[in-house]
Chemist: 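Structure incoming, see below.
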Amino acid sequence: MDHSREHLPTTEAAVTALRALAARYAREIEVTHDIGADQTSRRSAAGVGATTDPDGTLPHEAYAEFGGVPRVSVRLFPEGDALITVEGIQCHDIPRDDVPAFLRSVFEGLAHVRARRFPPGYRLVVPLPGDRAHKEYVPMVLLSPWLSSRVR
């Protein structure tokens with residue numbers, strides 16, 4: 001099966017994919033769900049006491065935390081994107097369909113930290129299908145032992 005870019009139309013589909021990845025890589029996973037406009041983090045515009053979006057649907061947000069090293073968590077937003085945190089480094093605006101590939105890169109050791117001599121700096125580089133990569137700045141003070149072991 002080609003895992004290059006799965007289509008995950010809903011938050012629940014993405015949670016199912018995360019549980020499958022946890023099983024594949026023998027990692028514990030803990031998932032919490034926030035359902036309803038009054039519960040999700042981006043829905044302040046819905047109004048006080050409102051639980052649905054203007055179209056009548058219930059927005060569904062989920063937060064998943066994986067056990068083990070590296071420390072990884074995923075917040076899935078109803079809008080179809082995710083915030084993935086790897087060892088304290090926040091990777092914003094990851095399309096929901098890219099989340100499984102992103103996590104496979106991290107769990108399989110393909111993700112690495114690129115060091116630059118001048119000006120000095122570090123970037124977390126997570127390869128994605130189609131010759132793409134997500135790159136995120138890493139402040140030196142946040143270089144955990146796992147991130148330090150991935151410096152190139």
Chemist: Do Leu18 and Val31 make a side-chain contact, defined as non-hydrogen atoms from C-beta onward lying under 4.5 Å apart?
Modeler: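 Leu18 vs Val31: side chains apart.
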
Chemist: What pairs with Thr16 under side chain to side chain donor-acceptor pair (under 3.5 Å), at least two apart in sequence or on another chain?
Modeler: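 Scan of Thr16 (side chain to side chain donor-acceptor pair (under 3.5 Å), adjacent residues dropped) gives none.
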
Chemist: Would you say that more than 12 heavy atoms from the other residues, nucleotides or ligands in this model lie under 6.0 Å from the CD of Glu30, or not?
Modeler: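 No, not enclosed.
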
Chemist: Of all residues at least two apart in sequence or in a different chain, which pass the side chain to side chain contact (heavy atoms under 4.5 Å, CB included) check with Ser148?
Modeler: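 Scan of Ser148 (side chain to side chain contact (heavy atoms under 4.5 Å, CB included), adjacent residues dropped) gives Leu143.
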
Chemist: So Ile89 and Pro139, do their side chains get closer than 4.5 Å, heavy atoms only?
Modeler: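 The answer is yes, as the side chains (C-beta and beyond) meet within the 4.5 Å cut-off.
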
Chemist: Could you pull out the closest heavy-atom pair between Leu142 and Gly88, with the gap in Å?
Modeler: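 Closest approach of Leu142 to Gly88, heavy atoms only: CD1-O, 4.3 Å.
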
Chemist: Side-chain contact test, heavy atoms from C-beta onward, threshold under 4.5 Å: evaluate it for Arg150 versus Val106 and give yes or no.
Modeler: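 Heavy-atom side-chain distance check fails, nothing below 4.5 Å.
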
Chemist: I'd like to check the side chain to side chain donor-acceptor pair (under 3.5 Å) partners of Glu136; sequence neighbours left out, ordered by chain and number.
Modeler: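 Glu136: side chain to side chain donor-acceptor pair (under 3.5 Å) contacts with His134.
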
Chemist: Residues in ring-ring contact (aromatic ring centres under 6.0 Å, His included) with Tyr25, at least two apart?
Modeler: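 ring-ring contact (aromatic ring centres under 6.0 Å, His included) list for Tyr25, sorted by chain: Phe107.
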
Chemist: Report yes or no: do Ile29 and Ile84 belong to one cluster of Ile/Leu/Val/Met/Phe/Trp/Tyr joined by side chain heavy-atom distances under 4.5 Å?
Modeler: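 In one cluster with Ile29: Ile84, yes.
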
Chemist: So, applying salt bridge (Lys or Arg N to Asp or Glu O under 4.0 Å) with Arg71, which one of Glu65, Glu87, Glu28 is it?
Modeler: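 Answer after filtering Glu65, Glu87, Glu28: Glu87.
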
Chemist: Just list the side-chain donor-acceptor pairs under 3.5 Å for residues 116-128, sequence neighbours left out, or say none.
Modeler:
| unit_1 | atom_1 | unit_2 | atom_2 | d |
| --- | --- | --- | --- | --- |
| Arg116 | NE | Pro119 | O | 2.9 |
| Arg116 | NH2 | Pro119 | O | 3.4 |

Chemist: Rounded to the nearest 0.5 Å, what separation is found between the CZ atom of Arg104 and the CG atom of Leu21?
Modeler: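 It comes to 6.0 Å.
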
Chemist: I'd like to check the ring-ring contact (aromatic ring centres under 6.0 Å, His included) partners of His92; sequence neighbours left out, ordered by chain and number.
Modeler: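 Once residues adjacent in sequence are excluded, His92 has no partner under the ring-ring contact (aromatic ring centres under 6.0 Å, His included) criterion.
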
Chemist: Report the distance from atom OH of Tyr63 to atom OG1 of Thr85, rounding to the nearest 0.5 Å.
Modeler: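 OG1 of Thr85 is found 6.5 Å from OH of Tyr63.
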
Chemist: For the residue pair Phe77 and Ala82, what are the closest heavy atoms and their distance?
Modeler: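 Looks like CD1-CA, 4.1 Å.
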
Chemist: Could you list the residues that satisfy salt bridge (Lys or Arg N to Asp or Glu O under 4.0 Å) with Arg19, not counting sequence neighbours?
Modeler: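 So Arg19 forms no salt bridge (Lys or Arg N to Asp or Glu O under 4.0 Å) with any residue.
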
Chemist: Taking atom types as modelled, is there a side-chain donor on Arg96 or Thr11 under 3.5 Å from an acceptor on the other?
Modeler: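 Yes, a side-chain donor-acceptor pair sits under 3.5 Å.
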
Chemist: Just by modelled atom types, is the Ala22 backbone N or O under 3.5 Å from a matching donor or acceptor in the Arg27 side chain?
Modeler: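 Side chain of Arg27 to backbone of Ala22, a donor-acceptor pair under 3.5 Å: no, none is there.
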
Chemist: By side chain to side chain contact (heavy atoms under 4.5 Å, CB included), which residues pair with Pro9, not counting sequence neighbours?
Modeler: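 Checked Pro9 against side chain to side chain contact (heavy atoms under 4.5 Å, CB included); matches are His7, Ala13.
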
Chemist: Quick one: pull up CG in Asp98 and CG in Asp93 and give me the separation to the nearest 0.5 Å.
Modeler: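 Between Asp98 CG and Asp93 CG, I get 12.0 Å after rounding to 0.5 Å.
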
Chemist: Within the structure provided, determine whether Pro78 and Glu61 are in side-chain contact (heavy-atom separation under 4.5 Å).
Modeler: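 Side-chain contact under 4.5 Å: yes.
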
Chemist: Please say yes or no: joined through hydrophobic side-chain contacts below 4.5 Å, possibly via intermediate residues, are Leu83 and Tyr137 part of one cluster?
Modeler: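 Different clusters.
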
Chemist: A side-chain contact here means heavy atoms from C-beta on lying under 4.5 Å apart; do Val69 and Pro145 qualify?
Modeler: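 No, their side chains stay 4.5 Å or more apart.
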
Chemist: Looking at residues at least two apart in the chain, or sitting in another chain, which of them share a salt bridge (Lys or Arg N to Asp or Glu O under 4.0 Å) with Glu108?
Modeler: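 Counting only residues at least two positions away or on another chain, Glu108 forms a salt bridge (Lys or Arg N to Asp or Glu O under 4.0 Å) with Arg24.
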
Chemist: Between Val72 and Leu8, is there a shared hydrophobic cluster once you connect ILVMFWY residues whose side-chain heavy atoms come closer than 4.5 Å?
Modeler: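 Different hydrophobic clusters.
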
